[in-house]
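Read the structure below first, then the notes.
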Amino acid sequence: MQTRKGIPVSPGIAIAPALVIDAEDQAVPRRTVPASRTKAEHQRVNDALKASAKELEDIRQQTAATLGEELARIFSFHIGMLEDPTLVDQFHAQVDTYQVTAEFAVHSVFQKWVDSFAAHPDPFFRDRGLDIQDLRRRVLRQLIGGGLSAIANLSRPAAVIAHDLTPSQTANLDRSLIKALAIDAGGQTSHTAILAHALGIPAIVGLGDIARRTSTGDNLVIDGDRGLVIIDPDAATLLDYRQQARSQRQRAESYRSLKNEPAETRDGTRVSLQANIEFPSEIPPALELGAEGVGLYRTEYVYLANDTAPTEDEQYDTYVAAIRALDGKPLTLRTIDLGADKMPAGIDAILDRTERNPFLGCRSIRLCLQNLELFRTQLRAVLRAAAHGPIKIMFPLISNIMELRQAKMVLDDVREDLEDQGVSVPDNIPVGMMIEVPSAAIQAHAFAKETDFFSIGTNDLIQYTVAVDRGNEHIASLYSAAHPAVISLIKEVVRVAKRSDTPVSLCGEMASLPEFTMLLLGLGLRNFSITPPAIPLTKQIIRSVSLQQCQRVARRVAGLDSQKDIANTLKEELRKAVPDAVQARTA
């Protein structure tokens, strides 16, 4: 039995076999397999070689037809290499001698060939080393790609183990079969972590080497409360975790019984709990958990989940589906927030993947304002969909007043174009903005004059305030919603919103963490938009405390100057006020 510790990002306990996914551009970890599985690894080697040879033959034929047989011979050489008995025998010898996986056998043998060619004095042979590298990538793609496609073809529950997953890969997970995520890389609010939380499955990031230490088929316990992955647990540990999982399910059921009860403090303060979603299909389950609407619809995930950029009509259909699923309940659409770590396949020409610091580069509203066709296409779809039900439009990552004005001007232009074409667009659609960079929080009084509402996006606000990459596992301990500067900025935005009578909500992951609920209420927030699985517990906390208690917590926190003291204080206050909430988080 082995235990690895990482950063817990989505609570819960899962017991499931591992499905290990390697990334092609990562070093292939050495994994051993039992003797009983070597036959299967031999077959995987043969299948990968056969599939790669077929790919190359198709390319050879296409090249011969378009560029002639002379150039096509390059691929004949590649095919010949894959069918060379000397090379093939070396793959199988690695599997037999060291009992390693097919991908490690292929990787290690090819690496020796690459090194050999690279050391040759003749430039011709050194250049052939590039051909060997290409062959290695191609064969590994068959083996590793098989793991990725296995997610789509999965027939039984599994816990996905990977060095990292892109947001698009996470968005395409089969929610009915993927029971947990354990990732080498990432921090508490990487987009992979956010999506895992939205899926309602246990997830741990920042594990460092879990992909190297785990093999597909290993029995795992994923403890998303403590951030533990237990590989091949012994009988006693397995029994203990099964009992804990059973207790958690029972507690969760008791919280779900509050679905039709208001989120109201013991002294009568009403709070609105809405959901953060990525796809319309998430709305019915969110409503079942007690969501009163959608406070953050991350519209960029329709780009991330597909191989091509969605058309205007495809986006329109998606938004209408969301509006209809809500049946009159509010829907706040955030315009596409692409760039940084969210790179869709369909609009590569727009995104500059060579940016040295993409989180401080052309992302989100900046990308939209520099690519008006992309922006206008979405806004046309949004305004057309608005005829079917109530919506709000929200612009992300606004950092100065001119960005807000430019975005509103584009929206007005699109409205005029639609009306000129005879398309009816509702009047008075509320237009708001995310406050997720310090400049916007500090200048909130100016923005309040030109916007209908605020939504505080704490995931980026924390990142930009404390200068910590939210996806960097090496400095994850420095990323904290409990940082005094972050709390001060939230307090200031809420104060400005109250004075200017501007509705304000908080839609970051901070609102989903039970230890922050009392603080946020004490600071004056009355609208939370959170990941759906967090709604029942958040409601339970709200119904268990008074506003007076929460204001006392906020005053106590205001006198503290370190994030560690604040975090410990919030947990202590939660433990005193709502013991069950702490048990639900740590049982």
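Keep in mind it's a predicted model, so treat the numbers as computed, not measured. All residue numbers in this chain count up from 1 along the given sequence.
Counting only distance, with no hydrogens or angles, the side chain of T335 and the backbone of F395 share no donor-acceptor pair below 3.5 Å. The backbone N or O of G12 sits less than 3.5 Å from a side-chain atom of D225, completing a donor-acceptor pair. Side-chain atoms of Q99 come within 3.5 Å of backbone N or O of V33 as a donor-acceptor pair. Under the 3.5 Å distance criterion, the side-chain polar atoms of R4 are left unmatched by any main-chain donor or acceptor of L228. Using a distance-only test at 3.5 Å, with no hydrogens or angles considered, no donor-acceptor pair links the side chain of T465 to the main chain of I462. Under the 3.5 Å distance criterion, the side-chain polar atoms of K179 are left unmatched by any main-chain donor or acceptor of P17. In this structure, Q250 contributes its side chain and S247 its backbone to no donor-acceptor pair below 3.5 Å.
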message: Between E572 and R575, is the salt bridge (Lys or Arg N to Asp or Glu O under 4.0 Å) condition met? List the steps.
response: CA-CA 5 Å; E572 175 195 338; R575 187 178 295 109; over 6 Å; no

field: side chain to side chain contact (heavy atoms under 4.5 Å, CB included) evaluation trace for I490 with L461
entry: CA-CA 9 Å; I490 294 171; L461 183 62; 4.3 Å; yes

task: Show your working on side chain to side chain contact (heavy atoms under 4.5 Å, CB included) between V271 and L525 and close with a plain yes or no.
output: CA-CA 8 Å; V271 180; L525 279 158; over 6 Å; no

message: Between R363 and D460, is the side chain to side chain contact (heavy atoms under 4.5 Å, CB included) condition met? List the steps.
response: CA-CA 12 Å; R363 60 167 290 204; D460 271 330; 3.0 Å; yes

Criterion salt bridge (Lys or Arg N to Asp or Glu O under 4.0 Å) on K571 and E515, from CA distance to verdict: CA-CA 5 Å; K571 290 174 183 175; E515 58 267 33; 5.3 Å; no

query: How far apart are the C-alpha atoms of L521 and R526, what are their side-chain angles, what is the distance that settles it, and do they pass the side chain to side chain contact (heavy atoms under 4.5 Å, CB included) test?
result: CA-CA 7 Å; L521 289 173; R526 301 293 179 264; 4.3 Å; yes

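The shortest distance between side-chain heavy atoms of E282 and V294 does not fall below 4.5 Å. With a 4.5 Å cut-off on side-chain heavy atoms, Q549 and V553 do not count as touching. Counting only heavy atoms from C-beta outward, the side chains of V9 and I183 never approach each other to under 4.5 Å. In this structure, the side chains of P536 and L258 stay at 4.5 Å or more apart for every pair of heavy atoms. The shortest side-chain heavy-atom distance between K329 and L287 falls under the 4.5 Å cut-off. Counting heavy atoms from C-beta on, the side chains of I161 and D218 never come closer than 4.5 Å. The shortest side-chain heavy-atom distance between F516 and I541 does not fall under the 4.5 Å cut-off. Side-chain contact between I398 and M434: absent, with no pair of heavy atoms (C-beta onward) separated by less than 4.5 Å.
There is no side-chain donor-acceptor pair under 3.5 Å between S505 and Q274. Side chains of D223 and Q244: no donor on one and acceptor on the other come within 3.5 Å. T531 and N276 share no side-chain donor-acceptor pair at under 3.5 Å.
The two atoms that bring I204 and G227 nearest to each other are CD1-C, 3.5 Å, heavy atoms only. Contact detail for Y98 and T32: the closest heavy-atom pair is O-CG2, 4.0 Å. T237 and I230 get closest at one heavy-atom pair: CG2-CD1, 3.9 Å. Residue E509 comes nearest to N459 through the heavy atom pair N-OD1, 2.9 Å, listed as atom of the first residue, atom of the second, then distance. Heavy-atom minimum distance, Y464 versus E436: CD1-O, 3.5 Å. In terms of heavy-atom proximity, S529 sits nearest to A275 at OG-O, 3.3 Å.
Rounding to the nearest 0.5 Å places CG of L537 at 12.0 Å from CG of L289. Interatomic distance, CD1 of I15 versus OH of Y241, reported as 9.5 Å (0.5 Å rounding). With rounding to the nearest 0.5 angstrom, the CG atom of L331 is 6.5 Å from the CD1 atom of I283. Of the inter-residue distances, the one linking L326 atom CG with I277 atom CD1 reads 7.0 Å to the nearest 0.5 angstrom. Taking CG of L574 as the reference point, atom CG of L519 lies at 11.5 Å (rounded to 0.5 Å). The distance from atom CG of L523 to atom CD1 of I487, rounded to the nearest 0.5 Å, is 7.5 Å.
Other residues, nucleotides and ligands contribute more than 12 heavy atoms inside 6.0 Å of the NZ atom of K5.
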